[in-house]
Amino acid sequence: MRISLCKALVCVFAVASLSACSFRRGVPADLQQKIDSVKTLEQVRLLRLQGISLEDPNPLRVFYDSLSIQPLPLRYSYDYVKAIPNYKPIPQEIVLALNLEGRVAPCAITLPETAGTRLLLLAADEDEGEYALWLYSLDNEYFPVDKLLLYTPGKKAQRVIDEEPLPDFSITSDYEISVMEYTADHKPKGKNIYTVAPSRMFEKVN
């Protein structure tokens with residue numbers, strides 16, 4: 001049963017990822033709602049083919065509900081990305097569902113929920129104890145809809161302007177998400193700002 005569950009979750013995430021890539025930009029709200037409804041039905045169908053009902057305990061929801069909540073606003077600091085305070089290790093079946101094979105010691109924490117917004121912060125060990133941070137949006141059944149890379153370890157000494165550290169990312173209480181962009185040689189070249197659309201996709205607004 002555990003193997004079947006993992007296979008089902010992987011299939012579901014593949015469907016969600018395909019939909020996210022195909023309809024990320026420029027879709028009218030009413031059309032996006034229809035797309036999301038079709039996607040949800042397909043997710044449920046895939047689970048039922050594996051003998052799993054969403055009326056049973058949903059492993060993604062059980063894991064999500066077990067996580068601590070990260071207060072907002074949140075702003076990058078080296079201490080935060082090094083310590084990832086109150087993050088919880090991700091079980092193997094959830095690692096498979098989120099397509100995280102190869103990541104070392106992934107952990108997660110949730111952000112406060114608001115109407116239409118359910119977000120998960122995920123930390124993955126990439127560089128001898130230094131974590132990359134991803135922000136995931138989840139649908140009504142706790143399946144991934146979209147993901148956004150917030151931070152990846154790099155040459156911190158070059159991430160400065162006038163000797164003041166630049167915030168690699170920030171998330172406001174209104175869910176405005178700022179992510180610093182760097183050149184290939186790790187020099188800052190500006191920030192991108194995102195919001196969470198009703199479709200739960202991350203939309204760039206600048």
Side-chain angles (χ1 to χ4, degrees), residues 1-2 4-72 74 87-88 90-100 106-123 133-150 171-177 194-205:
M1 181 63 182
R2 185 180 181 88
S4 297
L5 174 58
C6 291
K7 289 182 178 178
L9 289 172
V10 172
C11 290
V12 167
F13 182 73
V15 171
S17 299
L18 180 59
S19 299
C21 293
S22 300
F23 301 103
R24 180 178 294 273
R25 300 288 181 264
V27 178
D30 56 343
L31 179 56
Q32 185 64 57
Q33 186 176 8
K34 292 178 181 178
I35 292 167
D36 291 341
S37 295
V38 170
K39 184 180 70 176
T40 298
L41 289 172
E42 179 64 12
Q43 290 171 339
V44 172
R45 186 186 71 83
L46 288 171
L47 288 175
R48 285 177 176 168
L49 286 175
Q50 296 292 329
I52 301 168
S53 172
L54 292 183
E55 295 176 358
D56 297 330
N58 180 337
L60 291 179
R61 177 174 182 173
V62 170
F63 175 68
Y64 179 91
D65 289 344
S66 74
L67 296 176
S68 298
I69 298 174
Q70 171 63 56
L72 294 178
L74 174 65
Y87 281 61
K88 179 178 178 178
I90 302 176
Q92 183 60 29
E93 60 266 29
I94 307 301
V95 168
L96 292 172
L98 297 179
N99 198 25
L100 296 173
C107 303
I109 197 170
T110 65
L111 297 186
E113 282 193 29
T114 186
T117 303
R118 182 178 291 130
L119 300 176
L120 182 77
L121 270 173
L122 185 147
L133 287 185
W134 292 83
L135 184 63
Y136 277 74
S137 63
L138 307 178
D139 67 13
N140 290 337
E141 303 300 340
Y142 299 83
F143 294 114
V145 175
D146 202 4
K147 64 181 178 179
L148 179 65
L149 179 62
L150 298 181
I171 305 174
T172 70
S173 299
D174 296 326
Y175 295 91
E176 181 179 273
I177 305 152
Y194 300 85
T195 59
V196 185
S199 62
R200 300 184 185 178
M201 304 294 290
F202 296 115
E203 289 191 348
K204 188 176 176 182
V205 297

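As a basis for the values below, the full set of heavy atoms in this structure was taken, side chains included, without hydrogen atoms, waters or symmetry mates. This chain uses plain numbering: 1 for the first residue, then up along the sequence.
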If we only count heavy atoms from C-beta on, is the L135 to L111 side-chain gap below 4.5 Å? yes

Salt bridge (charged side-chain N to carboxylate O under 4.0 Å, His left out) filter on E113, not counting sequence neighbours, yields R118

Taking C-beta and beyond as the side chain, do Y194 and L148 meet within less than 4.5 Å on heavy atoms? yes

Testing the basics here: between A108 and L120, what is the closest heavy-atom pair and its distance to 0.1 Å? CB-CD1, 3.9 Å

Side chains of R200 and N140: does their closest heavy-atom pair fall under 4.5 Å? yes

Does the D174 side chain pair with the main chain of E176, one donor and one acceptor, at a distance under 3.5 Å? no

Not counting sequence neighbours, which residues clear ring pair (Phe, Tyr, Trp, His ring centres under 6.0 Å) with Y87? List them please. none

Spacing of L150 atom CG and I171 atom CD1 [to the nearest 0.5 Å]: 5.5 Å

Under 4.5 Å between any side-chain heavy atoms of I90 and L122, yes or no? yes

Measuring from atom CE of M201 to atom CG of D146, what distance do you get when rounded to the nearest 0.5 angstrom? 4.0 Å

In the structure I gave you, are the side-chain heavy atoms of Y136 and L119 within less than 4.5 Å of one another anywhere? no

Taken in chain and number order and not counting sequence neighbours, the residues that satisfy side-chain hydrogen bond (donor to acceptor under 3.5 Å, both in side chains) with S66 are K88

With sequence neighbours left out, write down each residue that passes side chain to side chain contact (heavy atoms under 4.5 Å, CB included) with I69, or none if nothing qualifies. T110, P112

Test of understanding: with ring pair (Phe, Tyr, Trp, His ring centres under 6.0 Å), list the residues that count as partners of F63, not counting sequence neighbours. none

Taking all non-hydrogen atoms of both residues into account, name the closest pair between S68 and I109 and its distance. O-CG1, 3.1 Å

Decide yes or no for L121 and L74: does some side-chain heavy atom of the first lie under 4.5 Å from some side-chain heavy atom of the second? yes

With a 4.5 Å heavy-atom cut-off, do S199 and V145 have their side chains touching? no

Of all residues at least two apart in sequence or in a different chain, which pass the salt bridge (charged side-chain N to carboxylate O under 4.0 Å, His left out) check with D65? R61

What about the rings of Y142 and Y64, do their centers lie closer together than 6.0 Å? yes

Any side-chain heavy-atom pair from V196 and F202 closer than 4.5 angstrom? yes

